[in-house]
Amino acid sequence: MIWNREETLPRKDLKELQLERLKAVAQRVYDRVPFYKTQFDQAKVKPSDLKDVSDVRLLPFTIKDHLRQNYPFGMFATPMTEVVRVHASSGTTGKPTVVGYTKKDIEMWSDLMARALVGAGVHEGDIIHNAYGYGLFTGGLGFHYGAERMGATVIPISGGQTQRQILIMQDFGSTVLCCTPSYALNLADTAKQQGVDIKSLKLRVGIFGAEPWSEAMRTEIEKQLNIKALDIYGLSEVIGPGVSCECLEAQHGLHVYEDHFLVEVINPKTLEPVPPGELGELVFTSLTKEAFPLIRYRTRDLSRLIAEPCACGRTFYRMERITGRTDDMLIIRGVNVFPSQIEHVLLKIEGLEPHYQIVVDRKGTLDELEIQVEVSDKIFSDEMKKMDQLKKKLERDLKDFLGVNAKITLVEPRTIKRFEGKAQRVIDKRKL
Ligand code: DLL
């Protein structure tokens, strides 16, 4: 289902809309945010230089460090009296990144989240189990407002208290599950422990994001929960969830909400744009935000654009699921690997469970990769020979598909740490 007209605008009209909005936002930040004025002046570019959407390339990039330097509210383009909400991304080091919203920003965001939900097949009468965390994280409230906007019933359960979540899903008849993909599996696992057949619940669709996950993980979640699993992407800096989302019809690639966010993919080394189909770093410019507009924000997330029209009728370009982040790529003895690629290989092997941890260490000058992965109850109770075969197979597949040597440690069921929000798959002892 299509939520609003903009989703199917002919691309020519969309471009016009984007240009008009781009000019306005460039002028707005130039006039109102000292940081942008300095940046534009240094790059010798003026908002009036923008004659075509592709002229966005004239504008300087914004990076996370810039946001940190202007902590907490220095990048806001409205007085605080107009800011009705702030969120912040946790960030593993240093200060969080703070973002702000005016009333109109919240309305726009709610509308985009309604669009995402409707595109995922959610309708009035649905009961949305929203297990994204409520708080400074954008996930919980982002979904909450979207759900209310489109008229479904939302259960603001947030993360945690996993056993209770199963009970609530059962008793309230939840039909839609919203949480991180790792938490969806945690829920499935917990249900099993409680003797509840999660497949027998009313759940029909899940909208998962906030962390990288693989196609193999999608298959696993769909199988374990007996639902359709869709991918949603976003980041606090740009708005929160609702920057792009898959449609139920194609379930392939996430439609970027281009009427509000101008997307570019660049080569992270040369900073030059790459054409659709080529992998690179996603860069977003917010076209309509009032409190916290962002110009050419480098996300560090890697993806490719799909320009081919989608079967669903939306004209927005799609982006492929995120492969990883430029800063979470592991270089193991010269080979580049992303945790999501490792996940893809290991989930294809029968007998391994979708719970794993990647440990990277350095012995002397050499990087070592260890993958700890749970085996199924059945395999665990089988003879040692089976475990040995499984281990060898995984070693071989990792070598064949990714070209890396890894030490494999098969562990007992339910011994790998479970997560309630974003999973932390990699323990990098080199950085400890
Ligand atoms: O994670 C917003 C969000 C909430 C998205 C709920 C989807 C659902 P941050 O905490 O600022 O915001 O983290 C943003 O998470 O730059 C990506 O690296 C990663 N990420 C988000 N969605 C996906 C996804 C929220 N679908 C960072 N696939 C981003 C892969 C994702 N990575």
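If you read the sequence from its start, that first residue is 1, and numbering goes on from there. Hydrogens, waters and symmetry mates are skipped; everything else that's a heavy atom, side chains included, is used. Keep in mind that what you see is a predicted model, and the values were worked out from it rather than measured. Just so you know, ligand 1 is whichever comes first in the structure, and atom 1 is the first atom listed for that ligand.
Below 3.5 Å of separation, one finds an N or O of Ala210 facing an N or O of ligand 1. Annotation: Asp301 places an N or O atom under 3.5 Å from an N or O atom of ligand 1; distance criterion only. Note: no N/O pair closer than 3.5 Å links Gly240 and ligand 1 by distance alone. Checked against a 3.5 angstrom limit, the closest N/O atoms of Arg325 and ligand 1 fall inside it.
Taking only non-hydrogen atoms, the option from Glu237, Glu211, Lys422 nearest to atom 31 (C) of ligand 1 is Glu211.
Short contacts between ligand 1 and Pro241, defined as distances under 4.0 Å to a heavy atom of the residue, involve ligand atoms 2 (C), 3 (C), 4 (C), 5 (C), 6 (C), 7 (C), 8 (C). In summary, the atoms of ligand 1 found under 4.0 Å from a heavy atom of Phe137, numbered by their order in the structure, are 1 (O), 4 (C), 10 (O), 25 (C). Less than 4.0 angstrom separates some heavy atom of Asp231 from each of these atoms of ligand 1: 24 (C), 26 (N). Remark: ligand 1 atoms within the under-4.0 Å shell around heavy atoms of Tyr132 are 6 (C), 8 (C).
A donor and an acceptor atom, one from each side chain of Thr162 and Tyr183, are located under 3.5 Å apart.
The number of heavy-atom neighbours closer than 6.0 Å to CD of Gln163, taken from other residues, nucleotides and ligands shown, is 12 or below. In this structure, Arg164 places its CZ atom where only 12 or fewer heavy-atom neighbours from other residues, nucleotides or ligands lie under 6.0 Å away.
Two rings, from Phe172 and His129, have their centers 6.0 Å or more apart.
Here the heavy atom of the protein found nearest to atom 11 (O) of ligand 1 is Ser236 OG, 2.4 Å. Nearest protein neighbour of atom 25 (C) of ligand 1, counting heavy atoms only, is Gly234 O, 3.5 Å.
At a heavy-atom distance under 4.0 Å, only side-chain atoms of Ile322, from C-beta outward, approach ligand 1.
Considering only residues two or more places apart in sequence or on other chains, Arg325 meets the side chain to side chain contact (heavy atoms under 4.5 Å, CB included) condition with Arg300, Asp301, Asp327, Asp328. In this view, Arg414 and Asp189, Gln193, Asp377, Arg418 satisfy the side chain to side chain contact (heavy atoms under 4.5 Å, CB included) rule, not counting sequence neighbours.
Put simply, the side chain of Leu279 does not reach to within 4.5 Å of the side chain of Glu320, judged on heavy atoms.
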Next on the checklist: Run Arg218 and Glu246 through salt bridge (Lys or Arg N to Asp or Glu O under 4.0 Å) and show every step you take.
Outcome noted: CA-CA 13 Å; Arg218 186 206 308 263; Glu246 283 182 327; 2.8 Å; yes

